[in-house]
Amino acid sequence: MSTYDFNERYEDYEADFDPMRYDRQARRKRKPKVVHTPKKSKWEVIAEIADTAGLEAGFQTTYQPGLFEEGWLLESLRVFYEMDYVTDVLARIRGGKEASVYRCQTTAKTGMTLAAAKVYRPRRFRNLRNDALYREGRAYLKEDGKAIKNNEHRLMRAIGKKTQLGEQLEHTSWLMYEYSTLQRLYAAGANVPQALAVGENAILMGYCGDEQMAAPTLNTVSLESAEARRLFDTTLYNVELMLQHGLIHGDLSAYNILYWHGDITLIDFPQVIDSRTNPSAFAVLQRDITRVCEYFASQGVDADADVIADRLWKHFMTGSTLNQMADASLFETDDE
Ligand SMILES: Nc1ncnc2c1ncn2[C@@H]1O[C@H](COP(=O)(O)OP(=O)(O)OP(=O)(O)O)[C@@H](O)[C@H]1O
Ligand SMILES: [Mg+2]
């Protein structure tokens with residue numbers, strides 16, 4: 001089933017996460033929906049999906065998903081089950097507006113006992129967030145992780161015209177940026193989860209936490225002053241490592257840093273931007289560093305975000321460092 005079909009089928013599941021659901025005024029202002037009569041009742045559709053995704057596929061989970069969550073979840077994770085990577089879904093770590101993340105039981109093949117599966121929301125909701133800024137100056141990535149070339153006219157036209165295919169390509173690209181960034185940064189020694197596998201709608205990666213609980217995000221953690229200083233330095237080291245690879249996180253803050261046993265892990269990369277081609281790169285870097293500094297200031301670390309951003313920008317984006325990076329394309333095309 002294509003991602004596009006998913007979106008049509010899961011309207012009710014989406015409604016569960018609709019930020020306007022409990023806000024009557026906002027709902028009234030919203031444009032009325034075009035009413036259409038589906039060929040099948042929603043119950044028929046759900047029963048059909050639950051049937052094929054759950055029972056026939058033999059993929060049953062300890063975690064009991066909600067009625068509208070089940071089909072989407074199992075369809076999204078089925079690929080990992082078929083690859084013999086995942087044997088069970090143990091719990092939902094977090095159900096958010098853009099993605100839900102689940103703790104999964106894995107096989108020895110993965111080299112891990114537990115993994116985190118990030119399942120993206122159907123595309124429509126993810127797009128509530130304005131992602132145009134992030135797309136500037138960055139190529140579209142296909143499902144093999146390679147960039148679409150400008151001479152792939154059919155694909156470029158589909159994106160330009162926002163056809164079904166175009167929207168699906170955008171969806172894939174968004175997901176592939178997260179996956180390939182995790183791969184690249186993990187290989188470079190950054191504090192990020194190891195990317196294990198990617199499906200049409202989900203990423204399987206290293207899990208931070210234990211059987212009982214997932215690592216908390218840093219914004220909920222109070223640090224001793226020496227530890228705060230050390231983790232601040234680690235965070236900046238990761239920002240530098242990204243710049244060395246021509247990357248800027250784009251949504252970095254204590255909300256996207258996990259804390260576990262004195263160590264941190266940076267997560268949530270779909271909006272990563274190209275520091276060399278995005279016209280807003282410096283402003284985005286400044287914002288990332290400002291947010292990081294805000295959290296660490298609350299933990300007693302005194303640092304000037306603007307000074308740090310200037311220093312990093314000058315160091316990585318001018319002169320010899322930039323020349324060294326110039327030849328290395330960020331993401332491969334088919335030519336390479
Ligand atoms: N590898 C992981 N190990 C443990 N927990 C994780 C992992 N990845 C994500 N999480 C948990 O899932 C949450 C959401 O993940 P992430 O930040 O990648 O998605 P998101 O796009 O911000 O989703 P939303 O906008 O819906 O919050 C994180 O805040 C964290 O609590
Ligand atoms: Mg996040």
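Just follow the structure's listing: the first ligand is 1, and inside any ligand the first atom is 1. What you see is a predicted model, and the numbers here were worked out from it, not measured in a lab. What's counted below: heavy atoms across the whole structure, side chains too, no hydrogens, waters or symmetry copies.
Of all the atoms in ligand 1, the ones that sit under 4.0 Å from a non-hydrogen atom of Thr217 are 29 (O). Close contacts of ligand 1 with Asn256, meaning ligand atoms under 4.0 Å from a residue heavy atom, involve 17 (O). In summary, the atoms of ligand 1 found under 4.0 Å from a heavy atom of Cys208, numbered by their order in the structure, are 3 (N), 4 (C). Close approach of ligand 1 to Ala116 (heavy-atom distance below 4.0 Å) involves ligand atoms 1 (N), 2 (C), 3 (N). Close approach of ligand 1 to Met205 (heavy-atom distance below 4.0 Å) involves ligand atoms 1 (N). In summary, the atoms of ligand 1 found under 4.0 Å from a heavy atom of Tyr207, numbered by their order in the structure, are 3 (N), 4 (C).
Heavy-atom distances between Ala99 and ligand 1 reach below 4.0 Å in at least one pair. Ligand 1 has no atom lying under 4.0 Å from any heavy atom of Ala215.
No part of Arg121 comes within 4.0 Å of ligand 1, judged by heavy-atom distances. Proximity of Leu258 to ligand 1, defined as any heavy-atom pair under 4.0 Å, is confined to the side chain (atoms from C-beta onward).
Here the shortest heavy-atom distance to atom 19 (O) of ligand 1, taken over Glu98, Lys118, Arg94, belongs to Lys118. In this structure, of Asn219, Leu114, Ile267, Val101, the residue bringing a heavy atom nearest to atom 28 (C) of ligand 1 is Ile267. Nearest to atom 20 (P) of ligand 1 by heavy atom, out of Asp268, Leu204, Ile257, is Asp268.
With 2.8 Å as the limit, Asp251 does not count as an N, O or S neighbour of the Mg ion (ligand 2).
Note that CD1 of Ile257 is 5.5 Å distant from CG of Leu218, once rounded to the nearest 0.5 Å. Separation of atoms CD1 (Ile289) and CZ (Arg311) is listed at 8.0 Å; rounding is to 0.5 Å. Note that the CG atom of Leu231 and the CG atom of Asp263 stand 7.5 Å from one another [nearest 0.5 Å].
Here the angle at the Mg ion (ligand 2) defined by OD2 in Asp268 and OD1 in Asn256 stands at 90°, rounded to 10 degrees.
Screening Arg157, Lys146, Lys142 for a salt bridge (Lys or Arg N to Asp or Glu O under 4.0 Å) involving Glu152 leaves a single residue, Lys142.
Side-chain polar atoms of Glu227 and Tyr259 form a donor-acceptor pair below 3.5 angstrom. Asn201 and His171 are linked by a side-chain donor-acceptor pair at a separation below 3.5 angstrom, with hydrogens and angles left out of the test. In summary, the side chains of Thr62 and Asp88 do present a donor paired with an acceptor at a separation below 3.5 Å, with no hydrogens or angles considered.
For a threshold of 3.5 Å applied to N or O pairs, the pair formed by Ala214 and ligand 1 contains no separation below that value.
With respect to the salt-bridge test (charged N to carboxylate O, under 4.0 angstrom), the residues Glu75 and Arg78 qualify.
Both the sub-6.0 Å distance and the 45° axial angle are satisfied by Lys118 relative to the ring of Tyr120.
A donor-acceptor distance shorter than 3.5 angstrom exists from the side chain of His249 to the backbone of Ile267, with no hydrogens or angles considered.
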